[in-house]
2 protein chains.
Amino acid sequence: MPDIKHFDPDATLETVVRLFWRQGVASTGIQDIVTATGLNRSSLYATFGGKQELYLAALSRYVERRSQPVFRRLAADERGLPAVGEFFDGLIRARCSGEYARWGCMVSNAHAGAENGDPEVGTVLDRHHQELRDALYAALVKAEAHGQLAPGTDPGAAADLLALLAYGVNLRSRGGADAGSLSVTVTAALDSFSA
Amino acid sequence: MPDIKHFDPDATLETVVRLFWRQGVASTGIQDIVTATGLNRSSLYATFGGKQELYLAALSRYVERRSQPVFRRLAADERGLPAVGEFFDGLIRARCSGEYARWGCMVSNAHAGAENGDPEVGTVLDRHHQELRDALYAALVKAEAHGQLAPGTDPGAAADLLALLAYGVNLRSRGGADAGSLSVTVTAALDSFSA
DNA sequence: GCTATCTTGGAACGGTCGTTTCAAGATGAA
DNA sequence: TTCATCTTGAAACGACCGTTCCAAGATAGC
């Protein structure tokens, strides 16, 4: 019997993701969201709850739609080191050019925000890090099996290092670092593992 | 003839640094600063100007008092790789324990904030990164001279990598990563350079 | 002690914050 | 078509935002 929603919650949430991603949660007002999505406060609150819940939903969507697909592709790639190189190439390209240039990574940004005190946010950050590391590890294990790794290279330790390196890329790209120098650094790191 | 200030601007700025460092600029209100410093709005604005100028002054103070002394010590250290190891040990200890545990690095945090659009802030971030890299480079050049580096290791590329790694440590420590795993990762990275 | 000059306390500014409320509108089953 | 139910628009909430203003207070040279 009831009325149905006159908008697409999924498209709305994607718009919200981009606002929080680019500006951060503390610098994004409800009015910004109302303006960007075109819907009003009532629909917003009825659908998503308050700002914090909306942020958490947006952060989760970011992880599911942006991060995890890339992680899965990396983990499933059978080529080994070339897959890792492609992962970082794509990362740097996404961070420095195109629609989301200089936005950094929403999860990396969340680390620096005051909202990481929220335990639910903290859980998302930890899981995201674990998934990134695991995907890198899976690729590096295959690299090892293909004899692509320099002798004595531990895939686990390398995965830990590359995961932290990715955060550095995310941060510095948002700060304005140019794609070329980031690429050189990452390539040199991968070369140091290479057989 | 005039009256003199009834407070110590330097001590005040240090208090402000800690507020912005811990909570970020967007989540820190002028009222928070008034409460924490004990002085009133008039003195605050007369001495430092508005919030953005205050943030810039606090960020500069952080770099001068917290980052640069450590960078200088690293750059001046003649031991090579042990100096780099000590630098990261101190970094991880400062980030994960003591008074500033889980605060991250104020400069790293600034990368993720919306204020990095301010060109003056951007300049501070870039200079900070350059100084960090240069200090690492200086230490690695000495390591090379001492024969501590694995053959084929380029001190410049290694410095670039370790600088980005430091950002990763800063971010993940704020996110709650434990000191032990960060230490293991960093140690493994340094070992991969070691002769 | 007088006075010019700066500092301080505290109120107040207009604006925006996140959130709530409620009447009017839209929907689909009966 | 009727009606119960949900959605929507718009106004309003109190609280807080960064900032400004000004009278009262403190200081140091005269």
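Here is how names work: the chains are called A, B, and so on, in the same order as the sequence lines, proteins then strands, and each is numbered from 1.
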Taking atom [atom2] of [N] as reference, at what distance in whole Å does atom [atom1] of [X] sit?
{"X": "B:F48", "N": "D:dT20", "atom1": "CZ", "atom2": "P", "answer": "16 Å"}
{"X": "A:Q31", "N": "D:dC16", "atom1": "CD", "atom2": "P", "answer": "20 Å"}
{"X": "A:L19", "N": "C:dC17", "atom1": "CG", "atom2": "P", "answer": "12 Å"}
{"X": "B:L44", "N": "C:dT7", "atom1": "CG", "atom2": "P", "answer": "13 Å"}
{"X": "B:I33", "N": "D:dG18", "atom1": "CD1", "atom2": "C1'", "answer": "10 Å"}
{"X": "B:N40", "N": "D:dG25", "atom1": "CG", "atom2": "P", "answer": "14 Å"}
{"X": "A:K5", "N": "C:dT27", "atom1": "NZ", "atom2": "P", "answer": "14 Å"}
{"X": "B:Y45", "N": "C:dC13", "atom1": "OH", "atom2": "P", "answer": "17 Å"}

Which of these nucleotides, D:dT19, C:dT8, D:dT7, is closest to any side-chain atom of B:K51?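 Of the candidates, D:dT19 comes closest.
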From the options C:dG25, C:dT8, D:dG25, select the nucleotide whose nearest atom is closest to the side chain of B:D3.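 Between C:dG25, C:dT8, D:dG25, the one nearest the side chain of B:D3 would be D:dG25.
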On the six-membered ring of [Y], is [X] placed so that its NZ or CZ lies under 6.0 angstrom from the centre and within 45° of the ring axis?
{"X": "B:R41", "Y": "B:Y45", "answer": "no"}
{"X": "B:R66", "Y": "B:Y100", "answer": "yes"}
{"X": "A:R73", "Y": "A:F71", "answer": "no"}
{"X": "B:R93", "Y": "B:F88", "answer": "no"}

Looking across every strand, which nucleic acid part, if any, lies under 4.0 Å from [X] by heavy atom: base, sugar-phosphate, or nothing?
{"X": "A:S27", "answer": "nothing"}
{"X": "B:I4", "answer": "sugar-phosphate"}
{"X": "A:T28", "answer": "sugar-phosphate"}

Is a donor-acceptor pair below 3.5 Å formed from side chain B:S42 to base D:dT20, judging by atom type as modelled?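 Between D:dT20 and B:S42, which were checked side chain against base, a qualifying N/O pair under 3.5 Å is absent.
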Quiz item: B:R41 side-chain donor-acceptor pair to D:dT19 base, under 3.5 Å: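 Pair found.
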Pick the nucleotide of DNA chain D nearest each of B:G50 and A:T47; which residue has the one closer to the 5' end?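 Closer to the 5' end of DNA chain D: A:T47.
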Which residue, B:Q52 or A:L39, contacts DNA chain D at a nucleotide closer to its 5' end, judged by nearest heavy atom?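 Looking at the nearest nucleotide for each, A:L39 comes out on the 5' side.
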Any side-chain heavy-atom pair from B:S173 and B:L182 closer than 4.5 angstrom?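 B:S173 vs B:L182: side chains touch.
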Within the structure, does a side-chain N or O atom of A:S43 lie under 4.0 Å from either OP1 or OP2 of D:dT8?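 Result: yes.
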